[in-house]
Amino acid sequence: MSATTSTNVEQLYADIVQDLVPYYMDAVLLPNQQIILNSLNVSGSTGDQVRFPLMNTYDNAVSISEGGDIINTAGAESNLIPTAANVIFQKRGLGVDVTEESLEDGGFDMVRNGVLSRLSGGIAQATDVAGLAQAKTSFTSNDGVTGANAAFTQSFVMSPEAMAYAAKREPVVKVWYNPNRDTHEFRATVRNGFTALRSTFGRTIKSNKLGGSQAEANIQAIATSVANLRSVNAPVGADGMYIGIIDPGLELAINKQIAGVGGTTISSLSDLGNNALRNAALAMVSGATLYRSNNLPDAS
């Protein structure tokens, strides 16, 4: 194996920096404009938070007599003064050290892919956890089973306009060489945050964790959440569907229910499986497109 050169290290660094943002965007569930329509990148601006203005709910028109004064008729003046929701930025970081021997012996591509996967995956998961924790705080109406402890997971059904995401710093990597340890030290950071725009545009589904012994939710819970969102005029996505983010336990409960409808077997799910591998989408059920996540919070 040829010796590691400074040129190789510079190329390794350049490749990781160039690829980290698209790799991060592909790997992360949140942000994703199919899930969160309102997303901003405010890199380069000042301030530690961003404000999303919100239009008030619609006022119903009232009956006006012929020649009557519209604005001075009781109930006819509509309030257009907006409210707002704020996103406070939080830095998230992860580091990895690569020894000179790893570069010499491991091969350039293997080390590059390992560093890229480690850094982007860590930042992506931290962002997912933060976004779903915000959903837990903001959406408190439960359509699943009864439970308020760590044995239950909180899944969500929501409108793509229920939450907002903003990034102050896109994923970046800095690297330096430590001569004492003969090690290249990579440090990746991102600054971002989430907020809920309307608490009524999201619903919670509590269900038994995978392998647990508590009560399970099922398709009816998803249908109930969808119906409740429709009742408050929560907007759907471009595909006409709401978003469901579920854990493997609720996924299993849904599959068991589907398998038990009309017989003991279920038809081939190869197309469904291919779609899940492609973009984490499981299926469209009862008016919601479902996504699986292992980062959902528990109900404690």
Quiz item: So does Gln220 have more than 12 non-hydrogen atoms from other groups sitting under 6.0 Å from CD?
Solution: no

Quiz prompt | Other residues, nucleotides, ligands: >12 heavy atoms within 6.0 Å of Arg187 CZ | solution =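 Counting other residues, nucleotides and ligands, CZ of Arg187 exceeds 12 neighbours.
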
Grouping I, L, V, M, F, W and Y whenever their side-chain heavy atoms are under 4.5 Å apart, do [X] and [Y] come out in a common cluster?
X	Y	value
Met163	Val129	no
Val173	Tyr23	yes
Leu30	Leu37	no
Val87	Val42	yes

Would you indicate whether the side-chain heavy atoms of [Y] and [X] approach each other to under 4.5 Å?
X	Y	result
Ile222	Tyr242	no
Thr195	Asn86	no
Met158	Ile245	yes
Pro171	Leu20	yes
Phe186	Leu12	yes
Lys136	Thr204	no
Val98	Leu103	yes
Ile246	Ile254	yes

Quiz prompt | Asn192 side chain to Thr127 side chain, donor-acceptor N/O pair below 3.5 angstrom | solution = yes

Quiz item: For Phe194, what residues pass the ring pair (Phe, Tyr, Trp, His ring centres under 6.0 Å) criterion, not counting sequence neighbours?
Solution: Tyr165

Quiz item: How would you list, by chain and number, every residue that makes a side-chain contact (heavy atoms from CB on, under 4.5 Å) with Glu216, sequence neighbours excluded?
Solution: Ser207, Asn208, Ala253, Lys256

Quiz item: Under the side-chain contact (heavy atoms from CB on, under 4.5 Å) test, which residues partner Thr189, sequence neighbours left out?
Solution: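 Partners of Thr189 by the side-chain contact (heavy atoms from CB on, under 4.5 Å) criterion, ordered by chain and then number, come out as Lys91, Arg169, Val172.
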
If I take atom [atom1] from residue [X] and atom [atom2] from residue [Y], how far apart are they, to the nearest 0.5 angstrom?
X	Y	atom1	atom2	answer
Arg51	Ile88	CZ	CD1	10.5 Å
Arg118	Ile123	CZ	CD1	13.0 Å
Arg198	Thr83	CZ	OG1	6.0 Å
Ile35	Ser159	CD1	OG	12.5 Å
Arg92	Gln125	CZ	CD	12.5 Å
Leu252	Leu210	CG	CG	6.0 Å

Exercise. Only one of Trp176, Tyr177, Tyr13 passes ring pair (Phe, Tyr, Trp, His ring centres under 6.0 Å) with His184; say which it is.
Key: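 Only match with His184 under ring pair (Phe, Tyr, Trp, His ring centres under 6.0 Å): Tyr177.
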
If I compare all heavy atoms of [X] with all of [Y], which pair ends up nearest, and what's the gap?
X	Y	value
Gln154	Asp298	OE1-O, 3.7 Å
Asn149	Ala151	OD1-N, 2.8 Å
Met241	Ala288	CE-N, 3.4 Å
Asn294	Pro248	OD1-CG, 3.1 Å
Leu296	Asp247	CD1-N, 3.2 Å
Pro235	Pro160	O-CD, 3.5 Å

Practice problem: Could you go through the side chain to side chain contact (heavy atoms under 4.5 Å, CB included) check for Gln34 and Thr289 one step at a time? | Solution: CA-CA 10 Å; Gln34 290 180 307; Thr289 300; over 6 Å; no

Practice problem: Describe, in one word, how the ring planes of Phe139 and Phe156 are oriented to each other, choosing from parallel (under 30°), tilted (30 to 60°) and perpendicular (over 60°). | Solution: perpendicular

Where the side chain of [X] meets the backbone of [Y], is there a donor-acceptor pair that is under 3.5 Å apart?
X	Y	result
Lys206	Ala148	no
Ser117	Asn113	no
Asp15	Gln18	no
Ser39	Ile36	yes
Lys168	Gly47	yes

Practice problem: Return each pair, listed once, that meets salt bridge (charged side-chain N to carboxylate O under 4.0 Å, His left out) where at least one residue sits in residues 221-246; pairs must be two or more places apart or across chains. | Solution: none

Practice problem: Name all pairs fulfilling the salt bridge (charged side-chain N to carboxylate O under 4.0 Å, His left out) condition that reach into residues 142-162, sequence neighbours left out, sorted by first residue then second. | Solution: Asp143-Arg203

Quiz prompt | side chain to side chain contact (heavy atoms under 4.5 Å, CB included) between Leu132 and Ser293, worked out | solution = CA-CA 10 Å; Leu132 294 168; Ser293 174; 3.6 Å; yes

Practice problem: Take Phe52 and Leu40 through the test side chain to side chain contact (heavy atoms under 4.5 Å, CB included) and record every step on the way to the result. | Solution: CA-CA 10 Å; Phe52 286 82; Leu40 290 178; 3.6 Å; yes

Quiz item: Other than Val232, what residues sit in its cluster of Ile, Leu, Val, Met, Phe, Trp and Tyr side chains whose heavy atoms are under 4.5 Å apart, directly or through others?
Solution: Phe201

Quiz item: Stepwise, does the side chain to side chain contact (heavy atoms under 4.5 Å, CB included) test hold for Val226 with Val157?
Solution: CA-CA 7 Å; Val226 168; Val157 177; 4.2 Å; yes

